[in-house]
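These numbers come from the heavy atoms of this one structure, side chains and all, not from hydrogens, waters or symmetry mates. Just so it is clear, the model here is predicted, and its values are computed rather than measured.
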Amino acid sequence: MTIRLHDTSARQIRDFVPLTAGCVSIYLCGATVQAAPHIGHIRSGLNFDIMRRWFTYRGYDVTFIRNVTDIDDKIIAKSAEQGRPWWSIGYENERAFNDGYDVLGCLPPTYEPRATGHIPEMIEMMRGLIERGHAYEADGNVYFDVRSLPGYLELSNQELDDLRQPSGEGETGKRDPRDFAMWKAVKPGEPSWETPWGRGRPGWHLECSAMAHKYLGSAFDIHGGGIDLIFPHHENEIAQAKAYGDTFANYWVHNGWVTLAGEKMSKSLGNSVLVSEMVKHWRPIVLRYYLGTPHYRSMIEYSEEALREAESAFARIEGFIQRVTEKAGETVAPAAEVPPAFAEAMDEDLGVPQALAIIHTTVRQGNSALAADDKEAAAARLAEVRAMLGVLGLDPLDPQWAGEGDRGEDLHGVVDTLVRLVLDQRQSARARKDWAAADAIRDQLGQSGLVIEDSPTGPRWTLGPR
């Protein structure tokens, strides 16, 4: 068994070889909490949740760090715009992000450090970089000297002479316009912390280098994030860490965007789809299926039609699970191992689309076994399906989704009582061989969004696709 991952720095898929046998260390760039999350933000967390689950299934002990950027230019701008403390905005949106991760079934990280909780580590890193000649102070700012580090820009594969480094207001005193700020001098009305070079606040890139060093040491296995972070963020993280003496990440793994009308989903474009709103209209497990089943490196073009297709596809899986459970008369436990073809797909750069095809094939085999009244074979296929869905965080029988599949237990109970009254009328019509009346009742229920199936234990209803 060898897991293989696409390494952005190598520009190819590589065999995964952990630094410590049996262990995997992962650092994921998490939320910048200036606003509530849209589904593009949560996709990254979900993709790396699936990665973590697969490593765990394969027997690795996983340490998973997902940071929170709770101080940066955007948060400060929001604070001024809304007339609220910066920390109030950050905390409110941090909770919104965690709610989004939770509702879509992401496991909590091993540690979730906040940037503002690690100012001493940042000061220590800057001190070391200045001593080594890789950084300098100017006008209360601290800058990284990009020309001091051979190999700078290897991740993004750019030429230094062509570089256009993003710069913020007040970044004065640079020796070279391509140098980037690690620490920003205090401005009136902004939050600040004391340092040997004056009061100020951290730059975005410094935060992650310092936190990764604290929680994972000088070398770790995998650094993840969206493709938009390759430059400048990840490139500058590497520069700081390596100049400080760290080996840093052994593999760089990046996920694709969720796009809308061909553009990256972002708050600045005004085209974000907030998770908090999406879950009011779509079941969270369906959203997880929609966001988690495309390959992590692919782009997802958001549309309601695509979501409806995901809903229908997942409904076929759920229908099979329900039918076999009824036939077996008890809950069928997940198999101890996933099918070899599923494992092969997941081992090859987390090939979830290929793995999903195995799930649907197994569902079809299980349905054929049901049609042949082969209860044992159907139950065996269900055990395999549950094992595979469990790896993807999509098993509807898992306690994580308890009651979710029914869109609210209270509402389900009310609807079930009403539908049963109508189904009793249909059964009476069938008993007196009034097939036209029975079919009319079924069709009327179908128009209301319910699917009626006749099973050996009597009629069963489910919510149909939108």
Minimum heavy-atom separation for [X] to [Y], with atom names?
{"X": "Asp349", "Y": "Arg297", "result": "OD2-NH2, 2.8 Å"}
{"X": "Ala36", "Y": "Asn93", "result": "N-OD1, 3.1 Å"}
{"X": "Asp221", "Y": "Val24", "result": "OD2-CA, 3.4 Å"}
{"X": "Phe97", "Y": "Ala35", "result": "CE1-O, 3.4 Å"}
{"X": "Glu154", "Y": "Glu235", "result": "N-OE2, 3.5 Å"}
{"X": "Val258", "Y": "Gly40", "result": "CG2-CA, 3.8 Å"}

With the threshold set at 4.0 Å, does a side-chain nitrogen-carboxylate oxygen contact exist between [X] and [Y]?
{"X": "Asp176", "Y": "Arg178", "value": "yes"}
{"X": "Lys78", "Y": "Asp72", "value": "no"}
{"X": "Asp99", "Y": "Arg95", "value": "no"}
{"X": "Glu304", "Y": "Arg308", "value": "yes"}

Tell me if the [atom1] atom of [X] is crowded by more than 12 foreign heavy atoms within 6.0 Å.
{"X": "Glu159", "atom1": "CD", "value": "no"}
{"X": "Glu194", "atom1": "CD", "value": "yes"}
{"X": "Lys174", "atom1": "NZ", "value": "yes"}
{"X": "Arg114", "atom1": "CZ", "value": "no"}

Distance-only side-chain donor-acceptor flag, Arg364 / Thr361, under 3.5 Å: yes
Thr116 versus Asp70, side-chain donor and acceptor atoms under 3.5 Å: yes
Could you tell me the separation between the [atom1] atom of [X] and the [atom2] atom of [Y], rounded to the nearest 0.5 Å?
{"X": "Cys208", "Y": "Asn236", "atom1": "SG", "atom2": "CG", "result": "11.5 Å"}
{"X": "Glu190", "Y": "Ser79", "atom1": "CD", "atom2": "OG", "result": "9.5 Å"}
{"X": "Leu260", "Y": "Tyr302", "atom1": "CG", "atom2": "OH", "result": "8.0 Å"}
{"X": "Ile227", "Y": "Ser44", "atom1": "CD1", "atom2": "OG", "result": "11.0 Å"}
{"X": "Glu124", "Y": "Lys214", "atom1": "CD", "atom2": "NZ", "result": "12.0 Å"}

Contacts of type salt bridge (charged side-chain N to carboxylate O under 4.0 Å, His left out), residue Arg66, not counting sequence neighbours: Glu112
Member of Tyr136, Tyr143, Tyr244 meeting the side-chain contact (heavy atoms from CB on, under 4.5 Å) criterion with Leu129: Tyr244
Quick one: sort the [X] and [Y] rings into parallel, tilted or perpendicular, breaks at 30° and 60°.
{"X": "Tyr57", "Y": "Trp54", "answer": "parallel"}
{"X": "Phe220", "Y": "His223", "answer": "tilted"}
{"X": "Phe16", "Y": "Tyr60", "answer": "perpendicular"}
{"X": "His205", "Y": "His233", "answer": "tilted"}

Chi angles and distances behind the side-chain hydrogen bond (donor to acceptor under 3.5 Å, both in side chains) call for Ser209, Glu237: CA-CA 5 Å; Ser209 296; Glu237 276 188 67; 4.7 Å; no
Test item: Leu155 and Trp252 side chains (from C-beta on) under 4.5 Å apart, heavy atoms: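 Counting from C-beta outward, Leu155 and Trp252 do come under 4.5 Å.
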Side chain proximity check, Ile300 to Met265, heavy atoms < 4.5 angstrom: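 A side-chain contact is absent here, since even the closest heavy-atom pair is not under 4.5 Å.
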Face-on cation placement of Arg147 at Tyr152 ring, 6.0 Å and 45° thresholds: no
